[in-house]
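Computation of the quantities below employed the complete heavy-atom set of this structure, encompassing side-chain atoms and omitting hydrogens, waters and symmetry-equivalent molecules.
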Amino acid sequence: MKRLLTFLGTIFIMAGSTVWAQEVNSSATLSGSSSGEDVTVENDEDYTPVITLDARFGYEHQSSGKTGGFGGDGLILNIDGKIGKHFSYSLNHKLSASIGEDSSVFDATNWLTLSYDVGNFSFTAGKDALAVGSFEYDAYELDCYYEMGSMFNYNINCWLWGASAMWTNNAQTTSLALQVVNSPFAFAPKEDNLYAYSLAWYGMWEHYESIWSLNMMEYEPGKFVKMLALGNMFYFGNFEFMFDYIVRAAKWSDSIGKDYTLTLQPAYNFGESLRLFGRFGVENQADDLEYDILGEYLSVEDKVAANEENTYVMPAYLTGDKEYIYYGVGLEYFPLKENKDIRLHAAWASNNYTKRHIFNVGLTWKFDVVGAVKHIARKAK
């Protein structure tokens, strides 16, 4: 707690110093400059960082063992900004997460990127999400209702170190990206020498949005899991429909259809304040696959035994003799008309493996750190 308070205090002091320099002391200038202009704005570019704290709190009840209680679901720091005309940076760090086994602070970092933009091209390096064509996979952490999702989404490593290049057309309706990162099957990324290569297409039009990808992920040196992921989102007035399909195989010739995920999510928006959505999915992972997403390579008997001992709503493992069917419904309410920084939710989810149920109600909010400091500075003038 002391480390967290010290960190937040430093953020506030830094943000307050910036605001004080640009708003209270109007003569703030660049070193060696006598122009008197705002140092945070240059050539119509605003270099003031956007700093927010995102938090989620809720009550959860599981039908198994009748367990339940209140708790936090996440506290995440977001920092986005620019360095010069062509460089931009982004950080998403979980302040509520514990440090991993290798005692690296980056274990709690979702993404940490620096991008260079020139013309229609963008080059990014750092820790980023694996480019997978799936809207379920692409969703922000605090927007996910975990027991309502696929086993693939919640088990394969998402945040990986590497680099990517992207081209976007002038109309900004189509983007093509190439990405090279550590393989999600690498458990010691700096030692395993395993990589993932991705080609992704992002499309955006009035009634349709796409995230499609072709991925090759090494699970052993020179051996790849080949994955085709087709994420689709359709918009018709207040109605939206998500259709994700992912198929994975070590060899297309004899493995296709053994490892796949299909997710459907219809949603209806009642104006700007209320959203009702449902989720239905089907997933399969054969027992004779050459790779294991978890890297544990357990026998069928061990998986069945782990499922019998499991007390959670989601199963511990999937077995090839039974498709995993998951489903749920949810409701989101946004009380503020001017933005969606506050959200109340209620969600229910279940599946055919455990046949248990989970109920979750909660509150998500976003705190604008820089905006708050600016407001305090204006009041202090």
Over-ring placement of K322 relative to Y353, 6.0 Å and 45° cut-offs: yes

Side-chain (N92) to main-chain (I76) donor-acceptor, under 3.5 angstrom: no

Heavy atoms of other groups near E206 CD, more than 12 under 6.0 Å: no

Spacing of E218 atom CD and Y197 atom OH [to the nearest 0.5 Å]: 5.5 Å

Residue pair V181 / G162: nearest heavy atoms and the distance that separates them: CG1-CA, 3.8 Å

Donor + acceptor pair across side chains of Y291, D259 (<3.5 Å): yes

Minimum-distance pair of heavy atoms, taken over all atoms of N155 and L294: OD1-CD2, 3.1 Å

Within one Ile-Leu-Val-Met-Phe-Trp-Tyr cluster: L264 and Y260, side-chain cutoff 4.5 Å: yes

Centroid-centroid under 6.0 Å between Y89 and F87 rings: no

Check: Q285 side chain, L318 main-chain N or O, donor-acceptor pair, under 3.5 Å: no

Any V304 side-chain heavy atom under 4.5 Å of T319 side chain: yes

N/O donor-acceptor pair under 3.5 Å between N110 side chain and K94 backbone: no

Under 3.5 Å: donor-acceptor pair, side chain of S183, backbone of L194: no

Student check: side-chain heavy atoms of L130 and Q179 closer than 4.5 Å: yes

Heavy-atom side-chain contact between I325 and Y327 under 4.5 Å: yes

Side-chain (S213) to main-chain (A200) donor-acceptor, under 3.5 angstrom: no

same_hphob_cluster(V180, V132) at 4.5 Å side-chain heavy-atom cutoff: no

N307 side-chain N/O to A316 backbone N/O, donor-acceptor pair under 3.5 Å: yes

Which residues share a side-chain contact (heavy atoms from CB on, under 4.5 Å) with D143, sequence neighbours left out: Y140, R343

Smallest separation among heavy atoms of A165 and F123, with atom names: CB-CD2, 3.7 Å

Check: S134/D244 side-chain N/O donor and acceptor closer than 3.5 Å: yes

Connected via hydrophobic side-chain network under 4.5 Å: M242 and M148: no

Whether T174 side chain and N169 backbone form a donor-acceptor pair below 3.5 Å: no

Nearest atoms (heavy-atom pairs only) where F239 meets A267: CD1-O, 3.3 Å

Side chain to side chain contact (heavy atoms under 4.5 Å, CB included) between F236 and F241, worked out: CA-CA 9 Å; F236 305 99; F241 181 73; 5.6 Å; no

Separation between CZ of F121 and NE2 of H86, rounded to the nearest 0.5 Å: 14.5 Å

Derivation of the salt bridge (charged side-chain N to carboxylate O under 4.0 Å, His left out) call for E240 and R275: CA-CA 10 Å; E240 62 185 53; R275 180 173 181 265; 2.9 Å; yes

Residue pair Y154 / G149: nearest heavy atoms and the distance that separates them: CE1-CA, 3.5 Å

Candidate pair N310 and R356, rule side chain to side chain contact (heavy atoms under 4.5 Å, CB included), full reasoning: CA-CA 11 Å; N310 174 52; R356 299 171 185 146; 3.8 Å; yes

Verify same cluster id: W348, Y326 (apolar side-chain graph, 4.5 Å): no

N339 side chain to D341 backbone, donor-acceptor under 3.5 Å: yes

Non-hydrogen side-chain atoms of E272 and K340 separated by less than 4.5 Å: yes

Q172 side chain reached by M204 side chain, heavy atoms, under 4.5 Å: no

Side chain to side chain contact (heavy atoms under 4.5 Å, CB included) between L53 and L95, intermediate numbers included: CA-CA 9 Å; L53 285 174; L95 299 177; 3.8 Å; yes

Common cluster, V300/Y317, ILVMFWY with side-chain heavy-atom separation under 4.5 Å: no

All side-chain contact (heavy atoms from CB on, under 4.5 Å) counterparts of H61, not counting sequence neighbours: Y59, K66, F359

W111-S90 side chain donor-acceptor pair, cut-off 3.5 Å: yes

Aromatic contact, F234 with F243 (centres under 6.0 Å): no

T311 vs T354 side-chain heavy atoms within contact, under 4.5 Å: no

Side chains of S299 and D302, donor plus acceptor under 3.5 Å: yes

Euclidean distance, F57 CZ relative to L142 CG, rounded to 0.5 Å: 14.5 Å

Test: E290 and K258 ion pair at under 4.0 Å: no

Passing option when E283 is tested against T261, N351, T263 for side-chain hydrogen bond (donor to acceptor under 3.5 Å, both in side chains): T261

Nearest-0.5 Å distance that lies between atom CG in N182 and atom CH2 in W159: 15.0 Å

M151 CE to N284 CG distance, which is reported to the nearest 0.5 Å: 12.0 Å

Gap separating the CD atom of E209 from the CE atom of M233, nearest 0.5 angstrom: 6.5 Å

Heavy-atom neighbours of F135 CZ exceed 12 at 6.0 Å: yes

Between Y145 and F277, ring centroids under 6.0 Å: yes

Flag side-chain contact, heavy atom, 4.5 Å: M166 against Y202: yes

Flag, side chain of H207 to backbone of Y235, donor-acceptor distance under 3.5 Å: yes

Distance-only polar pair, side chains of N232 and Y208, donor-acceptor under 3.5 Å: yes

Nearest non-hydrogen partners of N157 and Y137, listed with the distance: O-OH, 3.4 Å

CA sep, side-chain torsions, deciding dist, call: S88, D117, side chain to side chain contact (heavy atoms under 4.5 Å, CB included): CA-CA 8 Å; S88 60; D117 302 315; 3.8 Å; yes

Lys NZ or Arg CZ of R248 over F152 ring: under 6.0 Å, within 45°: yes

Note, D54 side chain near T364 side chain (heavy atom, < 4.5 Å): no

